[in-house]
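Naming: A, B, ... by sequence-line order, numbering from 1 per chain. This is a predicted model, so every value here is computed, not measured.
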Amino acid sequence: MHKNLNNLEIAELLRAVAAAYKLKGQSENKFRIVAYERAADAVEHASSELKDLWDEGKLDDIPGIGKSIAEHLDEIFRNGKSKHFEEVMKGLPPAMFELMKVPGIGAKTSFKLTRELGIKDSKNAISQLEKAVKKGKVRNIEGFGEQSEESLEKSIKETKERTVRIILPYAQKIADDIIAWVKNDKNVQRADALGSLRRKASTVGDIDIAASSKNPIETINHFTKYPNATRVLEKGERTAGIIVAGGKQVDLMVEKPEAYGALLQHFTGSKHHNIALRELALKRNLSLSDYGIYFKTKNRKTLKKIETEEEFYKTLGMDWIPPELREDTGEIDMALKHNLPDLVQLSEVKADLQIHSSFDIETSHDLGESSMEEVINKANSLGYEYVAFTEHNPSKSGHNETQTVEILKRKCEKVDKINYSLRTASARNELRRVKKVFNSLEIDILPNGKLPVSDKGMETLDFALVSIHSSFRQNRVDMTRRVLSAMSHPKVKIFAHPTGRKLGAREGIDLDWEKIFDFCLKNNKWLEINADPMRLDLPDFLVRDAVKLGVKLTFGTDSHHIDSMDNMVFGVSVARRGWATKKDIVNTLSLEDFEKVLK
DNA sequence: GCCGTTTTCGGCCCGACTGTTTTCAGTCG
């Protein structure tokens with residue numbers, strides 16, 4: 001019954017065990033509880049499914065999972081349950097673990113509520129609590145009052161309509177507009193996004209912004225007058241919160257310039273990064289907070305204000321860490337050793353390797369909206385040296401082999417003409433930056449691993465991308481075989497949007513990544529980082545794995561209109577979160593070098 | 001229960017908010 005728990009379910013289980021320990025002895029189990037909560041966190045953030053790690057006998061590869069928890073999980077994967085976990089949770093109502101999903105309800109509160117209200121069924125536990133709150137039954141329970149009833153009502157409502165995390169570019173746009181507004185205040189010296197937004201995670205929960213200001217109170221006042229704010233939630237001396245059009249909450253935290261570094265560092269997170277830093281600080285008799293760094297001596301501690309993040313990290317004896325790396329996955333060690341990677345930058349990108357033009361090749365999927373000429377103009381403005389036209393292949397059902405080849409030859413001629421004019425133009429005018437366009441194609445990988453374009457058709461191409469647009473649910477073995485078969489064609493260089501995920505909409509496909517990475521290494525094939533904000537695929541954690549092994553990656557915006565070509569920056573963010581440097585990304589190469597590796 | 005460049009024993013992050021209580025427990029990020 002429990003045998004195929006995914007990571008989220010395992011994390012939930014571990015949290016339930018921690019909650020059970022809280023009830024069965026908060027003080028004597030204090031650190032055991034912390035350990036279980038940390039294990040839950042670690043599982044949630046793990047880049048591989050635990051079930052897979054267990055298959056390979058590598059459960060304790062996850063930091064936070066030691067011998068004991070690994071044994072219990074082993075039992076669960078084999079028998080579907082753990083005697084120990086059942087023992088710990090014995091006598092506790094299962095409904096209480098459901099109630100804990102409501103913000104503000106922890107282990108103790110949850111237990112009390114289920115007991116006092118007689119909530120038995122975990123399926124509708126939250127609804128039952130809601131009814132009790134509305135009837136005013138909760139205020140009679142010891143430790144609760146009218147106000148707690150009120151806040152419970154709000155939290156339950158929030159849980160039910162829990163706002164999903166929004167995709168990065170949307171959050172970025174909201175934040176950029178507000179940062180610009182905040183900077184209008186003459187007291188403000190700096191303003192930055194915070195949290196997962198500053199760390200460029202693919203989705204963002206809350207939007208928080210920091211400002212350094214000589215006069216925080218005036219700055220808070222200015223912030224609450226933001227024209228697009230629909231409501232001001234709270235307004236204190238150091239923080240304020242507003243709701244902007246679209247219903248998203250934005251919080252501002254303000255600090256004097258001389259203490260801004262500590263604030264910025266603290267609220268950029270991640271939580272795990274900061275916890276690791278604080279533990280390290282303790283060993284050096286330092287204590288970290290958002291106000292600064294405390295230096296501890298025998299009987300007192302003195303606060304040192306920290307003006308910049310650089311100073312913050314330097315005080316801990318390490319290099320400044322780019323926000324994208326602050327996930328406690330080895331960056332602290334590297335910063336201590338002054339050995340952080342030199343992450344790839346947008347300015348180093350020399351090409352966009354997935355663009356769909358409006359040149360009609362009767363494709364199987366959607367055609368682009370901008371002409372090849374428009375794309376080249378846009379590429380010039382972005383400073384690129386080359387681009388690849390990667391329309392979808394001509395539809396398989398609508399054309400026979402001869403017709404497909406004819407269509408592809410037509411496109412090849414068009415690209416040849418453009419390249420001719422680029423050569424003559426660049427001889428005349430240095431300002432034209434794009435020197436060459438590549439004749440490519442984004443080809444469907446059919447469910448059997450074959451390609452819908454014959455060898456004759458493939459010959460017209462400089463190189464091809466392959467990708468999956470159907471049969472997403474094949475099992476891992478078949479899917480891996482399918483992809484490797486498609487990538488084996490000599491003209492295929494890039495596996496595009498490899499997991500096929502759509503953020504908030506569709507899970508990725510199931511692939512044996514070790515085999516894919518290995519194949520890429522041995523055959524000089526590349527994996528795309530698709531910069532489409534809905535995709536951001538390869539995901540950052542797989543980028544990290546690929547980079548470790550030396551697998552080469554490419555950037556493509558998958559643009560169907562020239563405006564989308566600006567999305568490249570989000571692809572770069574994914575790469576940076578995956579520790580990629582310039583040498584890991586093929587299209588940071590100059591045109592000359594790119595043509596060499598294409599061979 | 002986990003973990004190790006001061007440790008295989010003896011530690012384990014910090015601060016704020018909330019609500020109900022008279023000094024604090026529970027929860028959160």
Side-chain angles (χ1 to χ4, degrees), chain A residues 14-15 17-23 25-43 59-73 82 84-85 88 99-113 138-152 154-155 158 194-196 205-206 208 233-234 236-239 241 249 251 253 262-263 265-294 296 301 303 316-318 328 332-334 336-337:
Chain A
L14 293 172
R15 266 187 240 290
V17 175
Y21 272 121
K22 277 184 197 170
L23 291 165
Q26 168 94 289
S27 50
E28 65 264 35
N29 290 309
K30 192 175 167 195
F31 295 110
R32 188 174 282 118
I33 291 164
V34 174
Y36 270 98
E37 281 173 345
R38 284 190 163 198
D41 277 348
V43 172
L59 259 192
D60 45 18
D61 273 14
I62 308 256
I65 294 192
K67 194 161 167 276
S68 169
I69 293 182
E71 271 172 21
H72 300 319
L73 291 179
S82 147
H84 176 70
F85 288 176
V88 177
L99 285 192
M100 286 173 61
K101 289 178 183 166
V102 178
I105 300 186
K108 304 265 172 92
T109 310
S110 189
F111 180 70
K112 212 185 219 177
L113 285 171
V138 172
R139 70 184 67 177
N140 299 326
I141 303 172
E142 198 195 336
F144 292 85
E146 278 182 49
Q147 289 190 67
S148 40
E149 231 172 31
E150 211 172 283
S151 75
L152 272 177
K154 277 186 199 152
S155 310
E158 275 170 28
L194 296 168
S196 52
D206 300 326
D208 297 324
L233 289 175
E234 46 159 352
E237 291 184 354
R238 193 179 185 233
T239 68
Q249 179 174 344
D251 291 332
M253 346 260 317
L263 176 88
Q265 196 287 327
H266 180 86
F267 288 105
T268 295
S270 66
K271 185 175 141 194
H272 293 94
H273 175 82
N274 283 355
I275 288 174
L277 281 185
R278 282 182 219 129
E279 286 181 349
L280 181 93
L282 273 188
K283 291 173 188 164
R284 303 177 181 195
N285 281 321
L286 302 172
S287 172
L288 310 179
S289 90
D290 50 324
Y291 292 102
I293 298 181
Y294 291 96
K296 292 193 281 193
K301 54 181 194 176
L303 177 68
L316 292 171
M318 61 180 82
D328 189 26
I332 292 173
D333 234 20
M334 294 296 238
L336 284 167
K337 291 174 184 153

Mind calculating the distance between [atom1] ([X]) and [atom2] ([N]) to the nearest angstrom?
| X | N | atom1 | atom2 | answer |
| --- | --- | --- | --- | --- |
| A:Ile275 | B:dG15 | CD1 | P | 14 Å |
| A:Leu316 | B:dC14 | CG | P | 12 Å |
| A:Gln265 | B:dG15 | CD | C1' | 14 Å |

Separation between the [atom1] atoms of [N] and [M], rounded to whole Å:
| N | M | atom1 | answer |
| --- | --- | --- | --- |
| B:dT5 | B:dG1 | C1' | 24 Å |
| B:dT23 | B:dC28 | P | 25 Å |
| B:dG26 | B:dT22 | P | 13 Å |
| B:dG10 | B:dG15 | C1' | 25 Å |
| B:dA25 | B:dT20 | C1' | 10 Å |
| B:dC12 | B:dT6 | C1' | 16 Å |
| B:dG11 | B:dT7 | C1' | 8 Å |

Please classify B:dT20 as syn or anti, treating any glycosidic angle within 90° of 0 as syn. anti

Under 4.5 Å between any side-chain heavy atoms of [X] and [Y], yes or no?
| X | Y | answer |
| --- | --- | --- |
| A:Leu14 | A:Phe85 | yes |
| A:Asp290 | A:Phe267 | yes |
| A:Thr109 | A:Met100 | no |

I need a per-nucleotide contact map over nucleotides 16-29 of chain B, read 5' to 3'. Cutoff is protein heavy atoms under 4.0 Å; write B for the base, S for backbone only, - otherwise. S--SSS----SSS-

Determine the contact category for A:Tyr294: base if any of its heavy atoms lies under 4.0 Å from a base atom, sugar-phosphate if only primed atoms, P, OP1 or OP2 are that close, otherwise nothing. sugar-phosphate

Under 4.0 angstrom, heavy atoms only, what part of the nucleic acid is A:Leu288 near: base, sugar-phosphate, or nothing? sugar-phosphate

Grab the N/O contacts between the protein and nucleotides 1-5 of chain B below 3.5 Å, and write none if there aren't any.
residue, atom, partner, partner atom, Å
B:dG1, OP1, A:His84, NE2, 3.4
B:dG1, OP2, A:Arg32, NE, 3.1
B:dG1, OP2, A:Arg32, NH2, 3.2
B:dG1, O5', A:Arg32, NE, 3.3
B:dC2, OP1, A:Gly66, N, 2.7
B:dC2, OP1, A:Gly66, O, 3.4
B:dC2, OP1, A:Ile69, N, 3.2
B:dC2, OP2, A:Ser68, N, 3.4
B:dC3, OP1, A:Gly64, N, 2.6

Under 3.5 Å donor-acceptor, A:Asp208 side chain and A:Gly195 backbone: no

Using only atom types and a distance under 3.5 Å, with no angle test, would you say the side chain of A:Ser148 pairs donor to acceptor with the backbone of A:Phe144? no

Sequence neighbours excluded, which residues qualify as ring pair (Phe, Tyr, Trp, His ring centres under 6.0 Å) partners of A:Tyr21? A:Tyr36

Spatial distance of atom CE (A:Met318) from atom CG (A:Asp333) [nearest 0.5 Å]: 9.0 Å

Salt bridge A:Glu279-A:Arg284, side-chain N to carboxylate O under 4.0 Å: no

Identify whether the distance between the nearest side-chain nitrogen and carboxylate oxygen of A:Asp41 and A:Lys271 falls below 4.0 Å. yes

Could you please name the partner base of B:dC12, counting Watson-Crick and G-U wobble pairs only when both distances are under 3.5 Å? B:dG1

